[in-house]
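Here's the structure, in structure tokens; my notes come after.
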Protein chains: 2
Amino acid sequence: MTDAQHEYVDQVATFFTMVGSARAWAEILGWLMICEPAEQSQAQIAAALSLSAGSVSTQLRTHVSLGLVEQVRVRGDRTQRYRLRSGAWHSVMASELDRIRALGELARDGAAVLPRERPERVTELGDLADFFAREWPPLMERMNAELTKGTP
Amino acid sequence: MTDAQHEYVDQVATFFTMVGSARAWAEILGWLMICEPAEQSQAQIAAALSLSAGSVSTQLRTHVSLGLVEQVRVRGDRTQRYRLRSGAWHSVMASELDRIRALGELARDGAAVLPRERPERVTELGDLADFFAREWPPLMERMNAELTKGTP
DNA sequence: AACACGTTTCAATCATCGCTGAACTGCTTG
DNA sequence: CAAGCAGTTCAGCGATGATTGAAACGTGTT
């Protein structure tokens, strides 16, 4: 692992820790973006990032469950490999829809305690969520259409 | 503060703590969504939520700096009041653009360590960021147009 | 001026959560 | 069936960061 690679992993990790991710989680993500080969065993990841086997196991599982990383079995080799899923970033964006829906839910539940004064404080959130729930799917479609040009 | 209100504040707080916000920050947000009157002093907020004056002061400042909350002076009364800004939720969405740009930056910096194997791991992120940087502003415009219908 | 009230600041405390290390499971091979 | 390796689990440690409480500040009031 070169200095430049190390620096980049750090940069990615810094970004994602800023938005609330665990350090190890973020470092693994950064490493899987640039490592060679793209498929890595847990041991390789642990070695490259100087992380304990435990952290790698745990955080890798959350990566997998989020759909960012996939496990691959290389035939002839029994050790599991992990790699960034192709389209990983797309699915991050696509999953935004769930969060938007959750916000809509929050707004809807607010109906029970709607304030007389400036009820928009709650309703505005609902309208917004509805707007995005409508706009997001076509946006995702355009995204896929546009960015799949080179890779069919 | 009724039980229902308390419950709702808790629900909002739970949602936002899930995505990495501080508990007090999130509770204040929930309270400012449904409190009556909409304008509240720090002391009122602290009392309603059983928070210390210190937390309220600190977290309220971050709310203000994020543009979610604004301070208002009620004439005749010297104590400062705080309230949810109208259009608060809109500006949350609008500020997403900054995060998208940051992701684009991250991808661009990745050029220095671009892997030979599956370089899309990095470049895909850049394309995505570009796509959103282009799509976001018009989307925001449509959002404002559509949701401002009732409130000119 | 002195006081009262609202707000800010900050050091100390507390809680949370991620990380480590070691023990454990399961699989494969000699 | 023992040995070796990959991965998992979990208790305990450590660090980060939020919360508190008290003291300082400022502003308006008597």
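Keep in mind it's a predicted model, so treat the numbers as computed, not measured.
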**Study point:** Plane angle bin for B/Trp136 and A/Trp136 - parallel if under 30°, tilted between 30 and 60°, otherwise perpendicular
**Key:** perpendicular
**Study point:** Integer-rounded Å distance: D/dG26 C1' and B/Arg73 CZ
**Key:** 11 Å
Exercise for review: Return the value, rounded to whole Å, for the distance between atom CD of B/Gln59 and atom P of C/dT8.
Suggested key: 13 Å
**Study point:** A/Val64-A/Leu66 co-clustered via ILVMFWY side chain contacts under 4.5 Å
**Key:** yes
Exercise for review: Respond yes when some side-chain nitrogen or oxygen of B/Ser52 is under 4.0 Å from OP1 or OP2 of D/dT19, and no when none is.
Suggested key: no
Review point. With a 4.0 Å cut-off, would you call A/Glu36 and B/Arg116 a salt bridge?
Key: no
Exercise for review: Check each residue of residues 15-25 of chain A for a non-hydrogen atom within less than 4.0 Å of any atom in DNA chain C, then write out the ones that pass by number, or none.
Suggested key: A/Ala22, A/Arg23, A/Ala24
Review point. To 10°, what angle do the rotation axes through the five end pairs on each side of the helix from C/dA1-D/dT30 to C/dG30-D/dC1 form?
Key: 0°
Exercise for review: Using modelled atom types only, decide if a donor and an acceptor are shared between the side chain of A/Ser41 and the backbone of A/Gln44 within a distance under 3.5 Å.
Suggested key: yes
Point to revise | Rounded distance in Å - CZ (B/Arg61) to P (C/dG6) | key: 18 Å
Check your understanding: Is A/Asp77 salt-bridged to A/Arg73, cutoff N-O under 4.0 Å?
Key -> no
Review point. Should the pair A/Arg101-A/Asp130 be classified as a salt bridge under the 4.0 Å nitrogen-to-oxygen rule?
Key: no
Check your understanding: Could you state the interatomic distance from CD (B/Gln42) to CD (B/Gln71), rounded to the nearest 0.5 Å?
Key -> 8.5 Å
**Study point:** Salt-bridge present (A/Arg134, B/Glu146; N to O < 4.0 Å)
**Key:** yes
Check your understanding: Is B/Glu124 salt-bridged to B/Arg118, going by a charged N under 4.0 Å from an acidic O?
Key -> no
Check your understanding: Taking CG from B/Asp77 and P from D/dT27, how many angstroms apart are they, rounded to a whole number?
Key -> 16 Å
Within the sub-3.5 Å range, which N or O atoms of nucleotides 4-7 of chain D have a protein N or O partner, and how far apart are they?
from  : atom 1 : to      : atom 2 : distance (Å)
D/dG7 : OP1    : A/Gln80 : N      : 3.3
D/dG7 : OP1    : A/Gln80 : O      : 2.9
D/dG7 : OP2    : A/Gln42 : N      : 3.3

Study note, to complete from the structure: Scanning both residues in full, the closest heavy-atom pair of B/Tyr8 with A/Leu106 reads OH-O, 2.6 Å
